[in-house]
Number of protein chains: 2
Amino acid sequence: MKVTIYDVAEKAGVSIATVSKVINNTGRISEKTRKKVQEVMTQLNYQPSMVASALTRKRTGTIGLLVPDIANPFFAEVARSFEDCAQKLGFGLVICSTDGKDEKANLYLSLLMRKQVDGLIIASYIKETALVEQMLKEKIPVVLFTIDIPTLGINSVSVDDYKGGFQATSYLLSLGHKHIGVIAEDISRSYHRVQGYKEAIIRAGMNLNESNIIYTTAAIENGKMVARQLLQRKEDRPTAIFACNDLLAIGAIEEARKLGINIPEELSIIGFDNTILAEIANPTLTSVSQPIKEMANQAMTVLLEEIENEQTSKQRTLMLPELVIRNSTAPI
Amino acid sequence: MKVTIYDVAEKAGVSIATVSKVINNTGRISEKTRKKVQEVMTQLNYQPSMVASALTRKRTGTIGLLVPDIANPFFAEVARSFEDCAQKLGFGLVICSTDGKDEKANLYLSLLMRKQVDGLIIASYIKETALVEQMLKEKIPVVLFTIDIPTLGINSVSVDDYKGGFQATSYLLSLGHKHIGVIAEDISRSYHRVQGYKEAIIRAGMNLNESNIIYTTAAIENGKMVARQLLQRKEDRPTAIFACNDLLAIGAIEEARKLGINIPEELSIIGFDNTILAEIANPTLTSVSQPIKEMANQAMTVLLEEIENEQTSKQRTLMLPELVIRNSTAPI
DNA sequence: ATGAAAGCGCTAACAG
DNA sequence: CTGTTAGCGCTTTCAT
């Protein structure tokens, strides 16, 4: 049988209340009994049950993380960062891949509520937010990560996508490119990146051609398809492509190669997220980097704040992106 | 206040026992009361507390997954596969990245014990197994994944690493390569892959040169370093390299490029794991593929078996690897 | 400084 | 078919 607080109490000749106090370092305990109890605890390999304590304290020591897909390198990195934060604080992280589907998200949300997670990080866009709102109503802290769901009015931390798109485009413009295609994602994250692109184009005094922006879903295959569309144009064929994430950019690289177009000599490509893929691609991919670790830290700090302090004012944190220049971009 | 079973019982005009029964579909309940109760539950948005039920049933509905690093694409895929299995069964998955360090593993192991996970998948090699043994003693089912810790004598599922190494090497030999270097990992996983390599060499009637096998730790940088050692040899410079995982193989590719060695014309490279990196590398990487999804399914099945049936006989499952041929290999 | 006792929300006999 | 009741292992007043 698993050893319980009773076993410890008995063997140490004290009450369970006393044991509880030394476990949690609460109340006043004489140095002598504390030592005695601790001794017995290690002797018995006692591991206090978090489920029992959760029942009374309303704290489970677990937080949930919703991502589109943990197998996507970007979110794998995100998960790792959160895991590290959580670990330091003694929390467990339960991972939930939604595949971007509300249905799956809801399944997970429900599971997380029943599990009574202490907090929730949402990094996967959700349309139908009823369950999230229910969690909010039950005072479960939630912070949005790399996404925004304005209707929720809750904490969020993201990179400044707008600025990222602006930087990427400006860099391409500075290289002399006049025709810059965009492979965008059909989600809000991408929206601001595209806005940044537009702003850069307009500020440069060039005329914006909406047909240069094509929307799709994050996947290498889709990057290829869209790149083909862009590159097979008879006129105004882009000399540079800004892809709203690395997966898409990689697809574009592969497609360009297939079409016999040299990168970066004939075509510059910029990605977003600066995942491990950017380093591995050939040529290595210039990409807009998000400070994932810092962002995760910030998100956790905010979450913890809410967990401890019940009510705090909501904040939206935007971190600065950074353009990492590699070999997929060159002057025209 | 969170709605509890009492609220439901009261509003439905029944006892909490009855509500419990309809929640769990146990005992016999008249269709009428069942309906009534269910009605009230949805009306109240009632979410049964898993922590309360865990306390009595000794089942938390969570399983732990120990991996070296969730940010490593291979383990990200592994995690995703387990997550899918777990999800279907209504379990939550808590992810633990050990970085291959016993210290971290132990921290997590302790957390998982306190959380009273229903089962544990270990995919990260552990030297000091005291805590794992304690879990075993407490009857917590454990299955090893892609590793083996013979002293533990518990269930495990892996790919047949030996065969994978054999296949990769045989393929290289069939291509006419006489000098095949190996970039190995300094962990058990790699050991069998190297054994397979040796067997293939010997069976081909060639003489085994131990100095062709160099051990290191999984990371692109290390792949580069070792590849350089191998490729800068004055004599017996390998015309092919078998890397014990894709990360290492990618490093080798990059180093070869830096040295001006053409792949696959002058040097063939084979990786292991067939991660997304293999598809993205340039040239695309020939790699030994592990049927991750099937392996995860099998591991979960075994784990579940143990969770349900207390005692079952231990088994070691070996799945067949498959060589995926891409563009990093060619006849000499 | 320590302990007794009342829960936390739910499950599982056992009665009825 | 439904309800009563005794825990599950721990935290937390409140006495002592």
Side-chain angles (χ1 to χ4, degrees), chain A residues 1-38 40-41 44-62 90 111 113-118 138-140, chain B residues 1-38 40-41 44-62 90 111 113-118 138-140:
Chain A
M1 224 34 258
K2 201 177 177 318
V3 16
T4 73
I5 199 171
Y6 288 95
D7 303 320
V8 177
E10 186 177 0
K11 184 150 186 185
V14 299
S15 74
I16 60 167
T18 303
V19 177
S20 174
K21 278 166 194 150
V22 354
I23 294 172
N24 301 295
N25 237 306
T26 57
R28 12 190 89 271
I29 300 289
S30 76
E31 203 41 51
K32 195 171 144 220
T33 41
R34 170 190 312 288
K35 256 205 158 152
K36 175 69 185 161
V37 170
Q38 277 167 337
V40 174
M41 290 200 298
L44 263 39
N45 279 321
Y46 172 63
Q47 305 270 18
S49 160
M50 293 186 82
V51 356
S53 94
L55 192 54
T56 59
R57 295 210 310 163
K58 271 88 194 63
R59 287 280 225 98
T60 54
T62 112
L111 179 67
M113 295 185 71
R114 279 175 287 140
K115 276 195 172 312
Q116 260 136 259
V117 293
D118 296 333
E138 289 178 17
K139 302 293 178 219
I140 300 171
Chain B
M1 224 33 259
K2 202 176 176 321
V3 16
T4 74
I5 200 171
Y6 288 96
D7 303 320
V8 176
E10 185 177 1
K11 183 148 187 190
V14 297
S15 74
I16 60 166
T18 303
V19 177
S20 175
K21 279 166 194 150
V22 352
I23 292 172
N24 301 294
N25 238 304
T26 59
R28 11 192 88 274
I29 299 287
S30 76
E31 205 39 52
K32 195 171 145 221
T33 40
R34 169 188 314 287
K35 256 204 155 152
K36 175 67 184 165
V37 170
Q38 277 167 337
V40 174
M41 291 199 301
L44 261 39
N45 278 322
Y46 171 62
Q47 305 270 19
S49 161
M50 293 186 81
V51 358
S53 96
L55 193 55
T56 60
R57 294 210 311 160
K58 272 85 192 66
R59 288 278 228 96
T60 53
T62 112
L111 179 67
M113 295 184 72
R114 277 175 287 139
K115 275 193 172 314
Q116 260 137 261
V117 292
D118 296 333
E138 290 179 16
K139 302 292 180 218
I140 300 171

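Each chain gets a letter, A, B and so on, in the order its sequence line appears, and its residues count up from 1. For clarity, every value in this text was computed on a predicted model and none was experimentally measured.
- With A:Val22 as the partner, the side chain to side chain contact (heavy atoms under 4.5 Å, CB included) test is satisfied by one option alone out of A:Lys36, A:Gln38, A:Lys35: A:Gln38.
- Considering OG of B:Ser53 and CD1 of B:Ile23, their distance stands at 9.0 Å, rounded to 0.5 Å.
- Contact detail for A:Val51 and B:Ala54: the closest heavy-atom pair is CG2-CB, 4.1 Å.
- Applying a 4.0 Å cut-off to non-hydrogen atoms, the residues of residues 48-58 of chain A that approach DNA chain C are A:Leu55, A:Thr56, A:Lys58, listed by residue number.
- For B:Arg59, the salt bridge (charged side-chain N to carboxylate O under 4.0 Å, His left out) partners are B:Glu308, not counting sequence neighbours.
- Here the CE-OG1 distance, from B:Met50 to B:Thr62, works out to 8.5 Å after rounding to the nearest 0.5 Å.
- Across B:Asp118 and B:Lys58, no two heavy atoms sit closer than the pair OD1-O, 4.1 Å.
- With axes fitted over five pairs at each extremity, the angle between the ends of the helix from C:dA1-D:dT16 to C:dG16-D:dC1 is 40° (10° resolution).
- In plain terms, the two heavy atoms of A:Val3 and A:Asp7 that are nearest each other are CA-OD2, 3.2 Å.
- To the nearest 0.5 angstrom, B:Lys21 atom NZ is 10.0 Å from B:Thr33 atom OG1.
- Between A:Arg34 and A:Ile29, the shortest heavy-atom contact is N-CG2, 3.7 Å.
- Summarising the local packing, CD of A:Glu138 is surrounded by more than 12 heavy atoms from other residues, nucleotides or ligands at distances under 6.0 Å.
- Within residues 18-31 of chain B, the residues that have a heavy atom under 4.0 Å from DNA chain D are, in order of number, B:Thr18, B:Lys21, B:Arg28, B:Ile29, B:Ser30.
- When all heavy atoms of B:Ala9 and B:Val19 are compared, the pair lying nearest together is CA-CG2, 3.6 Å.
- Under a 3.5 Å cut-off, the side chain of B:Lys115 and the backbone N or O of A:Thr60 do form a donor-acceptor pair.
- Once you apply a 4.0 Å limit to the heavy atoms of chain A, the touched nucleotides of DNA chain C run 5' to 3' over C:dA1 to C:dG9.
- With a 4.5 Å cut-off on side-chain heavy atoms, B:Gln47 and B:Lys2 count as touching.
- For DNA chain D, the outermost nucleotides in 5' to 3' order that have an atom under 4.0 Å from a heavy atom of chain A are D:dG9 to D:dT12.
- Residue B:Tyr46 holds its OH atom at 10.0 Å from CG of B:Leu44, rounded to the nearest 0.5 Å.
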